[in-house]
**Student:** 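Following this message is one structure expressed as structure tokens.
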Amino acid sequence: MDSKMNDSKIIDGKILSSAIRKKIKKFGDELNKKTSKVPGLAVVLVGENPASRVYVKNKIEKTKEVGFNSIEHRLDHDVSEKQLLDLVDKLNEDKNVQGILVQLPLPKHINSDKVLDKIKPIKDVDGFHAQNVGKLWSGLNSLVPCTPLGCSIIIKSILPDLSGKHAVIIGRSNIVGKPMAALLLAMNATVTICHSRTKDLNSVCKEADILVAAVGIPEMVKANWIKKGAIIIDVGINRIEKNNKKILVGDVDYDECFDFCGKITPVPGGVGPMTIACLLLNTLLTAYTQFDEKAPDLSSFLE
Ligand code: NAD
């Protein structure tokens with residue numbers, strides 16, 4: 001039997017995220033019965049970046065599926081920074097909008113930090129506002145960036161407590177690497193963050209009980225970087241051409257690493273669907289706060 005047919009090693013993000021979205025719908029419907037209000041998620045897309053358009057389309061589709069209102073704003077590539085900031089201001093004040101997502105990357109003439117900082121922290125469903133970042137690192141309740149939140153839920157579903165475990169993250173971005181480190185610390189792991197200036201990257205990775213790869217280099221992590229039995233979370237989404245076909249691959253060489261790891265997320269179908277589920281989860285959680293209702297514990301969505 002082909003070892004990659006060993007399903008128990010594959011972490012299916014589609015199944016896990018679908019179960020979470022079902023719970024979100026159930027809790028959202030109950031919230032609606034109590035308050036007669038529907039959570040609204042505003043998505044702002046600037047320009048025509050093809051990957052961003054696909055992400056936004058998927059996010060809107062799933063938002064509607066769980067019964068939330070989807071508010072869409074598509075702006076021309078040459079919209080001014082002031083016009084975008086004014087739109088964010090308007091959404092900040094709109095009572096029908098509980099979450100605001102400005103799809104990144106923004107065109108070069110717009111300062112992304114300025115735009116992200118303009119979003120009210122309570123509506124910052126991407127968890128990128130400095131106030132939410134500070135709260136996350138202080139162990140306070142906050143909106144957490146969706147991709148690392150999704151990864152932490154995946155890891156929790158396999159190992160609820162990481163005491164004594166070594167987690168290695170490759171990548172130190174504000175979107176994935178850094179918040180991932182904060183979440184793994186909160187789960188009691190011993191955490192190492194690697195990046196482009198790390199020496200002997202493969203030997204550091206070989207120490208990992210949990211390896212999170214968030215780099216953006218196709219199939220960079222090879223079998224001889226993996227500790228036997230490690231849990232591998234592959235965040236990378238890279239479009240490459242193989243045998244004259246355009247395909248998506250992660251930052252981990254899946255075929256090579258499969259036999260050595262304990263568990264692995266595939267690309268596509270691993271972390272990606274969890275990111276969208278967590279966007280909806282953040283929208284629901286902040287809707288409870290904005291509707292003056294007590295939010296259920298995060299664990300209620302994972303049962
Ligand atoms: P980024 O470019 O902001 O950060 C990449 C990080 O990798 C940097 O911190 C850099 O130091 C590190 N790096 C670069 N080259 C390296 C090398 N040779 N060795 C070690 N480290 C190196 O990217 P990002 O936004 O963090 O995204 C990373 C990957 O994750 C991308 O492929 C992106 O498409 C993907 N991503 C996926 C999702 C999802 O939902 N699955 C969400 C966000 C990002």
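Order of listing sets the numbers, starting from 1, for every ligand and every atom in it. Everything quoted here is computed from the prediction, not taken from an experiment.
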**Student:** Purely on distance, is any nitrogen or oxygen of S173 under 3.5 Å from one on ligand 1?
**Tutor:**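 Yes, there is a polar N/O contact under 3.5 Å.
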**Student:** Pairs of nitrogen or oxygen atoms closer than 3.5 Å, one from I237 and one from ligand 1: do any exist?
**Tutor:**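 Yes; at least one N/O pair falls below 3.5 Å.
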**Student:** Does ligand 1 have an atom that lies less than 4.0 angstrom from a heavy atom of G177?
**Tutor:**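 Flag not set, G177 not near ligand 1.
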**Student:** Could you list which atoms of ligand 1 come closer than 4.0 Å to a heavy atom of V271?
**Tutor:**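 Going through ligand 1 atom by atom, the ones under 4.0 Å from V271 are 41 (N).
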**Student:** Rounded to the nearest 0.5 Å, how far does CD1 of I154 lie from CD1 of I233?
**Tutor:**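 Reported to 0.5 Å precision, the distance equals 5.0 Å.
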**Student:** Just checking, any donor-acceptor pair under 3.5 angstrom between side chains of N69 and N96?
**Tutor:**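 Not at all, the side chains of N69 and N96 share no donor-acceptor pair under 3.5 Å.
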**Student:** Looking only at heavy atoms, which two atoms of D124 and H129 are closest? And how far apart?
**Tutor:**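 Smallest heavy-atom distance, with atoms named: OD2-N, 2.8 Å.
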**Student:** What atoms in ligand 1 come closer than 4.0 Å to a heavy atom of N238?
**Tutor:**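 Per the distance check, 32 (O).
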**Student:** For Q103 and K59, test the side chains for any donor-to-acceptor distance below 3.5 angstrom and give the result as yes or no.
**Tutor:**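 Result is yes, a qualifying pair exists.
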**Student:** Determine whether the side chain, the backbone, both or neither of T198 has a heavy atom under 4.0 Å from any heavy atom of ligand 1.
**Tutor:**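 The answer is neither.
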**Student:** Could you tell me the separation between the OG atom of S142 and the CG atom of N282, rounded to the nearest 0.5 Å?
**Tutor:**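 Atom-to-atom, S142:OG and N282:CG are 9.0 Å apart.
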**Student:** Which heavy atom of the protein is the closest neighbour of atom 44 (C) of ligand 1, given with residue, atom name and distance?
**Tutor:**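 For atom 44 (C) of ligand 1, the nearest protein heavy atom comes out as V176 CG2, 4.0 Å.
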**Student:** Measure the distance from atom 42 (C) of ligand 1 to every protein heavy atom, then report the residue, atom name and distance (to 0.1 Å) of the closest one.
**Tutor:**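 Minimum-distance protein heavy atom for atom 42 (C) of ligand 1 reads T147 OG1, 3.1 Å.
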**Student:** Under a 3.5 Å cutoff, is there a donor and acceptor pairing between the side chains of Q290 and T286?
**Tutor:**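 Checked: Q290/T286 side chains pair up, N/O donor to acceptor below 3.5 Å.
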**Student:** Looking at F258, is K9 sitting on its ring face, NZ or CZ under 6.0 Å from the six-membered ring centre and within 45 degrees of the normal?
**Tutor:**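 Output yes; distance and angle both within limits.
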**Student:** Relative to atom 13 (N) of ligand 1, which among D234, I193, V215 owns the nearest non-hydrogen atom?
**Tutor:**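 Shortest heavy-atom distance from atom 13 (N) of ligand 1: V215.
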**Student:** To the nearest 0.1 Å, how far is atom 31 (C) of ligand 1 from its closest protein heavy atom, and which atom is that?
**Tutor:**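 Answer for atom 31 (C) of ligand 1: G216 CA, 3.7 Å.
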**Student:** Please list the nearest protein heavy atom to atom 8 (C) of ligand 1 with its residue and the distance rounded to 0.1 Å.
**Tutor:**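 Looking only at protein heavy atoms, the one closest to atom 8 (C) of ligand 1 is R172 N, 3.9 Å.
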**Student:** Show me which atoms of ligand 1 lie under 4.0 Å from any heavy atom of I217.
**Tutor:**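 Reading through ligand 1 atom by atom, the close ones are 15 (N), 18 (N).
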**Student:** With distance as the sole criterion, is a donor-acceptor pair present between the side chains of S70 and E72 under 3.5 Å?
**Tutor:**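 Checked: S70/E72 side chains pair up, N/O donor to acceptor below 3.5 Å.
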**Student:** Is the distance between the ring centroids of F27 and F301 under 6.0 Å?
**Tutor:**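 Aromatic pair counts; centres sit under 6.0 Å.
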**Student:** Indicate, as side chain, backbone, both or neither, the part of V235 found under 4.0 angstrom from ligand 1 when only non-hydrogen atoms are considered.
**Tutor:**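 Contact part for V235 vs ligand 1: both backbone and side chain.
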**Student:** For atom 10 (C) of ligand 1, grab the closest protein heavy atom and report residue, atom and distance to one decimal in Å.
**Tutor:**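 Going atom by atom, the protein heavy atom closest to atom 10 (C) of ligand 1 ends up being S196 N, 4.1 Å.
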**Student:** Nearest 0.5 angstrom please: I60 CD1 to E65 CD, how far?
**Tutor:**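 That separation rounds to 13.0 Å.
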**Student:** Which atoms from ligand 1 have a heavy atom of G272 less than 4.0 Å away?
**Tutor:**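 Reading through ligand 1 atom by atom, the close ones are 40 (O), 41 (N).
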**Student:** Under 4.0 Å from any heavy atom of T275, which atoms of ligand 1 are there?
**Tutor:**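 That gives atoms 39 (C), 40 (O) of ligand 1.
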**Student:** Mind listing the closest non-hydrogen atom pair of V176 and A214 along with its distance?
**Tutor:**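 So the minimum-distance heavy-atom pair works out to CG1-CB, 3.6 Å.
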**Student:** Taking only heavy atoms of L201 into account, list the atoms of ligand 1 that are under 4.0 Å away from them.
**Tutor:**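 So the atoms of ligand 1 that pass are 19 (N), 20 (C).
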**Student:** Taking 4.0 angstrom as the limit and counting only heavy atoms of I170, give me the atoms of ligand 1 inside it, by number and element.
**Tutor:**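 Taking each heavy atom of I170 in turn, ligand 1 has 20 (C), 21 (N) under 4.0 Å.
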